[in-house]
Amino acid sequence: AICPDLIPVAEKKLSAKDVDLANIRMGYALTLAGLGQRAEAERLLGMAHSQLVEMFGPGDKRTKVAAGRLAALETAGRS
């Protein structure tokens with residue numbers, strides 16, 4: 001990981017109802033995926049997606065973006 005303290009600090013400072021936490025997880029996950037760390041990227045994207053579903057529901061634009069990114073990462077990992 002490029003900044004191993006980022007997620008633990010964000011989780012400590014932000015609540016699970018703070019969309020910024022989901023955005024941080026998603027952004028960091030995309031960075032990790034770009035570095036080839038797919039397992040951790042999938043875990044973080046999955047957490048961000050679950051948080052967004054709980055906050056806004058599955059039909060929300062933000063939730064759909066997270067779902068699409070997760071699906072793309074999972075698909076790329078199978079090829």
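Treat the numbers as computed from the prediction; the structure is a model and nothing was measured.
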### Summary
Heavy-atom closest pair (Ala41 atom, Ala29 atom, distance to 0.1 Å) is CB-O, 3.2 Å
### Task
Identify, with sequence neighbours excluded, every residue that meets side-chain hydrogen bond (donor to acceptor under 3.5 Å, both in side chains) alongside Arg43.
Glu40
### Task
Check the hydrophobic clustering (I, L, V, M, F, W, Y; side-chain heavy atoms under 4.5 Å; chains of links allowed) and say if Ile24 and Val53 are grouped together.
no
### Query
Please, which pairs that meet side chain to side chain donor-acceptor pair (under 3.5 Å) have at least one residue in residues 55-66, sequence neighbours excluded?
Asp60-Arg62
### Message
As an exercise, state the distance from CG of Leu35 to CG of Leu30, rounded to the nearest 0.5 Å.
### Response
11.0 Å
Expected list for residues 14-21: side-chain donor-acceptor pairs under 3.5 angstrom, two or more places apart:
from  : atom 1 : to    : atom 2 : distance (Å)
Ser15 : OG     : Lys17 : N      : 3.1
Asp18 : OD1    : Asp20 : N      : 2.9

### Task
Kindly work out whether a path of hydrophobic side-chain contacts (I/L/V/M/F/W/Y, heavy atoms less than 4.5 Å apart) joins Ile2 to Leu44.
yes
### Task
Check whether Met47 and Leu32 end up in the same hydrophobic cluster, where Ile, Leu, Val, Met, Phe, Trp and Tyr are linked by side-chain heavy atoms less than 4.5 Å apart.
yes
### Query
With sequence neighbours excluded, what pairs up with Glu42 under the side-chain hydrogen bond (donor to acceptor under 3.5 Å, both in side chains) test?
none
### Task
Could I get the full list of side-chain hydrogen bond (donor to acceptor under 3.5 Å, both in side chains) partners for Arg69, not counting sequence neighbours?
none
### Query
According to a 4.5 Å side-chain heavy-atom criterion applied to Ile, Leu, Val, Met, Phe, Trp and Tyr, with indirect links allowed, do Phe56 and Met26 form part of one hydrophobic cluster?
yes
### Summary
Here the salt bridge (Lys or Arg N to Asp or Glu O under 4.0 Å) pairs for residues 22-37, sequence neighbours left out, are Glu11-Arg25
